[in-house]
Amino acid sequence: MNQFKNLTIERAHKGLIKKEFSAVELTRFYLDKIKKENKKYNDFISLTEDLALEQARKVDDKIARREKIKPLEGIPIAVKDNILVDGYKCTAGSKILENYIAPYDAAVIEKLKKAGAVILGKTNLDEFAMGSSTENSAFGAVKNPYDTNRVPGGSSGGSAVAVAADHCLGALGSDTGGSVRQPASFCGVVGFKPSYGMVSRCGLIAMASSLDQIGAFGKTVGDTKLIFETIQGKDELDSTTVDSSKFKIRSLKFKNLRIGIPKEYFTEGIDKEVKEKVEKAIKKFGEIGCEIKKVSLSYTDYALAVYYIIMPAEVSANLSRYDGIKYGFSSKSNNLLEHYLETRAKGFGDETRRRIMLGTYVLSAGYQEAYYKKAQRVRALIKKEFEEVFKKVEIILTPTSPTPAFKIGEKKDPLSMYLSDVFTVPASLAGLPAVSVPCGFVQGLPVGLQIIGPQFQDQLVLEVADLYEKSVNN
Amino acid sequence: MISKEQVKHIAKLARIRLNEKEVEKFKRELSSVLDYVEKLKEIDTENVEPISQVTGLENVMREDIPARDKKKERRSKLIKQAPRRKGDYFKVPRILE
């Protein structure tokens, strides 16, 4: 089975064209590997085997007819289990949706199917994408392939592991405050969160709607970019999406690319060795001719506080739909109030209940101005400050996470868990595109470099990431 | 810091039943997060307008017609998921005694 070793999407595509292997063989290789190793990592909740093989057969037929195939045709992809795939279970990692069957395809799944991608299965996640470690899943914690005593990050931990453990060639995740970038950093893969509005969320189970964005994981920047380009685009069923063809793409000349290093991301709380690795990566940009400039994002320290008001507020509204009446887990009670209390007490896990209650509190009468409105005002300041900095530089570099992967069970106190998102949340609040790319190891654990760009300059962010990847490989 | 009574009140508003032990636990955990977000008070937001989203889009309209899937099939897929139903209706527990 050596022909499948260390494949990337690009290499697999060539292999399919040259008939080194068929799409069905490729798909079966990954399905078998997942079945063998899922006990160890728990990265998949379910497989969509019939669908995968059906898709693969179609591609093989095309190849047999000597038709040209597109770059994602026959490529096995994993999908986070909060994105709907028609006819298959979609649990969002929650007991309340344990038996929920998706009645339609999410917009991104429609696009992947149209592009000929093979959907292997649904990956594990923190319940409703709420968490930074993928320990909050009703279907058990996910393990980091670099050290199975450690977390893979979260909430898209299953997708990050699926790519890192070579259970697929790429994956979809969702990122609300860092849920693609932070697990990508912990698992040594590339994870991209597009600008808010670039990818339709139709068919993504909603968490915090002003922040949620679907993102992509890959082994390389090129693979990640390919998935992003396939799933992006305006969709009239998600009215927050924008027409990206309208944006002027800034032309790239690396020689005079100005790179901003915000000093607030390199102070207290960051692991010393992580800091060294990230600084080494920054130096690399200097060596290839970029101009490195010190900048300041003075509200960085407040971003997490803003996030932990706005996000739970939106969560409490979005999750009010789980009432045990239209679908999902349902109590047996014959009294309506009893029914609600029972359904939601038993159907939701601790972190979900915590965030619903926090959100209910900050939105409740008498507290809205002090918490919610205040947070919305500071959010405006954060967005404005990024815009100011992007007048002086084209791109911002930071660590993705202050530490490498932590131990399973290590962060028992919710607040200490929340703090692991401190470097990813600011870009989420401002709706900016950001990618995490691997930049080395600390004691055998991967470290990620975060590249943040101006709003809707998604291509620029990916090109800079590509530049870094190539300069490291050379 | 929030009180046990406040936790019980929020839980009721959110339609989540808690036992006494959970009330104590969530009181502690919610308080620590609420203490943490207090730091926003340090920032002067006197003349700052709040934002609820970042794209600047406003009132995006579309024709009010059944979109994408015009088939009956999806309707039945949706209704079939109801834990309790009678024909094509959702069954809801009694509200008035």
Side-chain angles (χ1 to χ4, degrees), chain A residues 100-101 103-104 196-197 210 236-237 239-240 242 299 301-302 304-306 308-309 316 320 323-330 333-342 344-345 348 353-354 356-358 360-361 364 371 373-381 383 413-415 418 429-431 455, chain B residues 2 6-7 9-19 22 25-26 29-30 32-43 45-55 57 59-63 67-69 73-84 90-95 97:
Chain A
Y100 177 70
I101 307 220
Y104 58 93
Y196 183 86
S210 81
E236 74 166 11
L237 296 183
S239 57
T240 62
V242 293
Y299 294 111
D301 200 26
Y302 299 96
L304 202 68
V306 171
Y308 274 93
I309 293 172
S316 73
S320 63
D323 57 6
I325 284 172
K326 301 180 289 295
Y327 49 82
F329 173 80
S330 179
S333 175
N334 282 318
N335 172 290
L336 189 66
L337 181 62
E338 283 295 311
H339 163 82
Y340 289 147
L341 293 170
E342 191 74 9
R344 292 163 64 84
F348 290 140
R353 291 191 290 164
R354 194 151 42 233
I356 290 174
M357 285 193 281
L358 200 54
T360 305
Y361 180 75
S364 63
Y371 289 105
K373 290 278 175 205
K374 178 81 185 182
Q376 286 187 315
R377 290 180 215 277
V378 181
R379 186 179 185 178
L381 292 172
K383 185 172 186 282
D413 160 48
L415 190 61
Y418 297 170
L429 289 170
Q455 191 175 30
Chain B
I2 74 174
Q6 279 176 305
V7 174
H9 176 63
I10 308 162
K12 196 179 170 204
L13 289 176
R15 297 289 185 265
I16 292 171
R17 169 173 291 147
L18 299 180
N19 60 37
E22 288 171 325
K25 177 177 126 83
F26 283 120
E29 291 171 349
L30 297 178
S32 95
V33 179
L34 289 169
D35 287 347
Y36 176 78
V37 303
E38 282 294 307
K39 66 156 93 183
L40 293 185
K41 286 194 177 144
E42 296 164 13
I43 302 175
T45 51
E46 183 75 29
N47 297 309
V48 184
E49 280 299 310
I51 57 167
S52 54
Q53 48 108 334
V54 291
T55 52
L57 293 171
N59 296 336
V60 179
M61 305 288 196
R62 63 176 163 85
E63 287 297 312
R68 194 174 284 184
D69 187 30
E73 204 185 305
R74 187 184 292 186
R75 183 167 159 267
S76 90
K77 275 189 199 168
L78 288 169
I79 290 170
K80 259 202 252 165
Q81 311 241 8
R84 290 185 266 195
F90 296 127
K91 249 175 107 172
V92 181
R94 183 190 295 273
I95 298 167
E97 293 298 327

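Residue numbers start from 1 in every chain, and the chains themselves are labelled A, B, ... in the order their sequence lines are given, proteins ahead of strands. Quick caveat, the model's predicted, so the values are computed rather than measured.
Heavy-atom pairs under 4.5 Å with chain A peak, among Val7(B), Leu30(B), Thr55(B), Val37(B), at Val37(B). When Ser320(A), Ser333(A), Ser364(A) are compared by the number of non-hydrogen pairs under 4.5 Å with chain B, Ser333(A) comes out ahead. Interface remark: of the candidates Ile10(B), Leu13(B), Leu57(B), Ile10(B) forms the most heavy-atom pairs closer than 4.5 Å to chain A. Contacts with chain B were tallied for Tyr418(A), Phe348(A), Phe329(A), Tyr340(A); Tyr340(A) has the most, counting heavy-atom pairs under 4.5 Å. Between chain B and the options Arg377(A), Lys373(A), Glu342(A), heavy-atom pairs under 4.5 Å are most frequent for Arg377(A). Residue with the most contacts toward chain B among Leu429(A), Asp323(A), Leu381(A), Val242(A): Leu381(A) (heavy-atom pairs, distance under 4.5 Å). Of the listed residues (Leu18(B), Val92(B), Ile43(B), Leu78(B)), the greatest number of heavy-atom pairs within a distance under 4.5 Å of chain A belongs to Ile43(B). Each of Gly431(A), Ala380(A), Ser210(A) has some count of heavy-atom pairs under 4.5 Å with chain B, and the biggest count is that of Ala380(A).
Using a distance-only test at 3.5 Å, with no hydrogens or angles considered, no donor-acceptor pair links the side chain of Arg17(B) to the main chain of Ala345(A). Under a 3.5 Å cut-off, the side chain of Gln81(B) and the backbone N or O of Ile101(A) do form a donor-acceptor pair. Under a 3.5 Å cut-off, the side chain of Lys326(A) and the backbone N or O of Phe90(B) do not form any donor-acceptor pair. Between the Arg379(A) side chain and the Ile51(B) main chain, no donor and acceptor come within less than 3.5 Å of each other. The main-chain N or O of Val54(B) is found under 3.5 Å from a side-chain atom of Gln455(A) such that the two form a donor-acceptor pair.
Proximity to chain A is absent for every atom of Ile79(B), based on heavy atoms less than 4.5 angstrom apart. Only the backbone of Thr240(A) has a heavy atom closer than 4.5 Å to any heavy atom of chain B. Within the 4.5 angstrom heavy-atom criterion, atoms from both the backbone and the side chain of Thr360(A) approach chain B. Neither the backbone nor the side chain of Lys80(B) comes within less than 4.5 Å of any heavy atom of chain A. For Ala375(A), the parts lying near chain B are the backbone and the side chain together; criterion is any non-hydrogen pair under 4.5 Å.
Taking each heavy atom of Gly324(A) and Pro83(B) in turn, the nearest pair found is O-CG, 3.5 Å. The two residues Asp413(A) and Ser32(B) come nearest to each other via the heavy atoms OD1-OG, 4.3 Å. Taking all atoms of both residues into account, the shortest heavy-atom contact from Leu40(B) to Lys374(A) is O-CE, 3.1 Å. Nearest heavy-atom pair, Ala11(B) versus Met357(A), reported as atom, atom and distance to 0.1 Å: CB-SD, 3.9 Å.
At a cut-off of 3.5 Å, with distance as the only test, a side-chain donor of Glu42(B) or Tyr302(A) sits close to an acceptor on the other residue.
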Intermediate values then yes/no, side chain to side chain contact (heavy atoms under 4.5 Å, CB included), Val378(A) and Val48(B): CA-CA 8 Å; Val378(A) 181; Val48(B) 184; over 6 Å; no
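With rounding to the nearest 0.5 Å, the separation of CD in Glu29(B) from CG in Leu415(A) is 10.5 Å. With rounding to the nearest 0.5 angstrom, the CD atom of Glu338(A) is 11.0 Å from the CZ atom of Arg15(B). Once rounded to the nearest 0.5 Å, the distance linking CZ of Arg94(B) with CG of Asn335(A) reads 10.5 Å. In this structure, the separation between NZ on Lys77(B) and OH on Tyr327(A) is 16.0 Å, given to the nearest 0.5 Å. Here the CD1-CD1 distance, from Ile16(B) to Ile356(A), works out to 4.5 Å after rounding to the nearest 0.5 Å. Remark: Gln376(A) CD to Gln53(B) CD distance equals 10.5 Å, nearest 0.5 Å.
The closest side-chain heavy-atom distance from Val33(B) to Arg354(A) is not below 4.5 Å. Looking at Tyr361(A) and Ile2(B), their side chains come closer than 4.5 Å, going by heavy atoms from C-beta outward. Side-chain atoms of Arg84(B) and His339(A), non-hydrogen and from C-beta on, do get closer than 4.5 Å to each other.
Other residues, nucleotides and ligands contribute over 12 non-hydrogen atoms within 6.0 Å of the NZ atom of Lys39(B).
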